[in-house]
Q: 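Quick one: the structure is below, and I'll ask about it shortly.
Start at 1 and go down the list; that is how both ligands and their atoms are numbered. Both backbone and side-chain heavy atoms feed into the values below; hydrogens, waters and symmetry mates do not. Here the structure is a predicted model, which is why all the values come from computation and not from measurement.
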Amino acid sequence: MDKKNLLNGLIKDYKLKHKKSEELFEKASRYQIRGGSHNLRLFAPFPFYDVQCSGSKVTDADGKTYVDFWQGHFANVLGHNPKIVLDALLDYFKRSQGLTTGFPGNYQRELAELILRQIEADKIRFTTSGTLSTMYAMMLAKAFTGRDLVMKVGGGWHGAQPYALKGISVYDRGLHHLESAGLPPGIDSMIVITRFNDIEDLEEKFRKHGEGIACFILEPFIGAGGFIFSQKDYLQRARELTQQYNSLLIFDEVVSGFRFHAGGVQSLYGIKPDLTVFGKAIGGGMPVSAVAGRDDVMVLCGPEATADRRVKFEGGTFSAHPASMLAGLTYVRYLMERESEIYPRIGQLGAKVRNGIEEIFNAYGFNVKCTGYGELAPDNSSLVGVQFLRENINRITFPEQVWNPEVCDLELREKIFKLAMLEEGFNIFHGFGAISAAHTESEIQASLDAVERIAKKWKKYK
Ligand SMILES: Cc1ncc(COP(=O)(O)O)c(C=O)c1O
């Protein structure tokens with residue numbers, strides 16, 4: 001396939017149609033590295049700058065409107081700027097309330113109660129990002145067990161914090177490399193990488209390192225690792241092994257929490273971790289994350305813990321910010337009340353997109369498989385990953401495959417398909433993205449029609 005020509009053509013068209021964004025990008029680049037603060041958002045040749053986001057749509061500085069499947073890093077289950085949250089916040093602000101106070105307000109207690117009830121955990125503490133929360137969860141595990149090693153899966157993204165920056169997407173015969181400079185010396189040997197969904201590898205890693213493993217952290221539904229569900233027997237074995245070796249099991253539910261139903265994906269599996277990390281959806285569009293779990297572990301972040309075991313999971317001027325807590329509470333409550341209406345609908349749209357994309361590309365001779373579905377949420381998965389597979393590959397089961405250029409065509413997925421869909425009026429990420437309650441049937445159908453036009457066009461480049 002002549003990808004070079006295809007990509008060059010798409011970049012040329014994109015530039016022609018995004019003059020204002022290009023100007024804004026150039027201006028922003030004078031003050032910021034690559035014109036922004038989050039590399040993923042700053043895709044090449046330059047990002048479009050949004051001026052308005054509402055429901056399923058985003059309108060950019062050049063007046064172009066896209067149906068958005070990125071939806072705020074997959075956080076927006078209800079679409080952009082849902083009215084229920086805006087109304088609650090506007091009312092709060094009109095009462096001259098809502099800005100930071102430095103006091104423990106009531107909304108956080110109510111949000112704590114709701115989330116803990118949903119996952120049947122003892123205690124919860126809020127902060128502002130998933131990254132901080134996974135770091136605190138790992139620190140709690142280290143303090144609780146008195147051990148040094150953190151085990152994570154290859155392909156698992158837990159934010160950019162020192163204990164998690166290994167084995168994410170840099171593929172060189174496997175996912176087990178450090179992914180950042182500037183890390184503390186010796187960190188490489190403190191992070192053990194195991195293969196997602198591979199029971200044998202997990203058993204071997206526990207045999208080898210078990211006595212030193214403070215925690216095994218994983219996403220029961222892996223996000224950046226390719227939208228793949230854990231197999232139930234794998235999670236069960238993870239639960240058994242962590243118990244056998246007195247390590248803690250941490251579920252990172254930053255993506256999966258409140259995405260497949262109004263709670264953690266852990267209750268679909270019937271497996272209870274020691275700690276759970278939430279983020280994204282629980283903030284209702286505001287910066288909220290949390291660590292929830294066992295009393296005897298969580299207690300280590302309070303003054304009751306002895307000095308040698310106390311974890312500094314504290315500070316954070318904006319932790320449990322009043323407006324964020326109100327947004328989160330309003331959102332989570334709404335998701336719980338409308339659970340039976342929201343999740344089956346977006347799940348069914350997800351299935352339509354996954355099946356449709358596979359059918360279309362296959363009909364035009366492309367080897368494409370979609371990820372995002374699984375036996376545990378067969379009808380309730382609103383997430384769609386599109387994997388352009390090399391010849392003779394017919395199944396995607398591991399993040400290693402998703403990031404292995406010999407298995408998946410990463411350039412097609414991350415660059416070419418992205419720009420091609422933008423040209424058609426759809427904003428996608430990592431192959432496609434997240435369907436929200438704000439997306440309509442006709443937008444979903446239109447996205448499939450766009451995929452068909454793209455597949456037809458690409459066939460000429462084959
Ligand atoms: C599974 C997972 N954990 C943690 C994080 C980090 O969360 P945040 O970006 O809020 O710091 C992310 C972010 O995408 C994530 O997907």
Side-chain angles (χ1 to χ4, degrees), residues 36-43 69-77 125-141 150-169 175 179-180 191 193 196-197 215-230 235 249-260 264-266 273 275-293 313 316 318-321 324 327-328 331 371-372 381-385 399 402-403 414 429-434:
S37 303
H38 195 305
N39 282 354
L40 206 53
R41 297 176 191 164
L42 306 171
F43 61 88
F69 292 109
W70 174 226
Q71 287 295 338
H73 298 235
F74 313 138
N76 298 337
V77 178
R125 186 163 266 208
F126 295 106
T127 182
T128 44
S129 77
T131 304
L132 275 175
S133 282
T134 63
M135 185 184 75
Y136 287 136
M138 291 179 191
M139 285 165 67
L140 283 168
V150 162
M151 184 152 75
K152 69 179 280 292
V153 301
W157 169 248
H158 305 291
Q161 50 101 339
Y163 302 128
L165 283 171
K166 184 174 171 182
I168 301 160
S169 59
L175 294 168
E179 307 242 353
S180 177
I191 310 170
I193 302 291
F196 186 66
N197 269 341
C215 61
F216 176 36
I217 182 167
L218 83 160
E219 302 157 76
F221 171 89
I222 200 158
F227 283 178
I228 304 167
F229 279 93
S230 294
L235 281 194
L249 181 63
I250 306 176
F251 280 174
D252 180 343
E253 295 233 37
V254 169
V255 170
S256 59
F258 294 84
R259 170 48 67 182
F260 303 109
V265 78
Q266 56 194 262
L275 296 175
T276 303
V277 177
F278 287 106
K280 298 202 193 276
I282 66 158
M286 297 289 272
V288 179
S289 74
V291 181
F313 180 174
F318 297 116
S319 288
H321 187 288
S324 301
Y331 206 72
T371 50
S381 174
S382 47
L383 297 176
V384 183
V402 173
W403 289 105
E414 302 290 334
F429 246 96
H430 290 327
F432 202 85

Q: Would you check if the side chain of T371 reaches a backbone N or O of G226 as a donor-acceptor pair within less than 3.5 Å?
A: yes

Q: Side chains of I222 and N197: does their closest heavy-atom pair fall under 4.5 Å?
A: no

Q: Which is closest to atom 4 (C) of ligand 1 in terms of heavy atoms, Q161, E253, H158?
A: H158

Q: Would you check if the distance from the ring center of F429 to the ring center of F69 is below 6.0 Å?
A: no

Q: Which of the atoms of ligand 1 are close to G130, meaning less than 4.0 Å from one of its heavy atoms?
A: 6 (C), 7 (O), 8 (P), 10 (O), 11 (O)

Q: Tell me: protein heavy atom nearest atom 2 (C) of ligand 1, and distance?
A: W157 O, 3.1 Å

Q: Just wondering, do L40 and W70 contact through their side chains at under 4.5 Å, heavy atoms?
A: yes

Q: Give a yes or no on whether the backbone of H158 and the side-chain of T134 come within a donor-acceptor separation of less than 3.5 Å.
A: yes

Q: Within the 4.0 Å heavy-atom shell around K280, which atoms of ligand 1 are there?
A: 13 (C), 14 (O), 16 (O)

Q: Using the ring of each side chain (for Trp, its six-membered ring), is H38 parallel, tilted or perpendicular to H73, with breaks at 30° and 60°?
A: perpendicular

Q: Between F313 and Y136, what is the ring plane arrangement, given parallel below 30°, perpendicular above 60°, and tilted in between?
A: parallel

Q: Looking only at distances, please establish whether an N/O atom of ligand 1 is found under 3.5 Å from an N/O atom of E219.
A: no

Q: I need the atoms of ligand 1 closer than 4.0 Å to a non-hydrogen atom of V255, numbered in the order shown.
A: 16 (O)

Q: Where is the nearest protein heavy atom to atom 9 (O) of ligand 1: which residue, which atom, and how far?
A: T131 OG1, 4.2 Å

Q: Of all the atoms in ligand 1, which lie at a distance below 4.0 Å from a heavy atom belonging to D252?
A: 1 (C), 2 (C), 3 (N), 4 (C)

Q: With heavy atoms of S129 as the reference, note each atom of ligand 1 found under 4.0 Å away.
A: 10 (O), 11 (O)

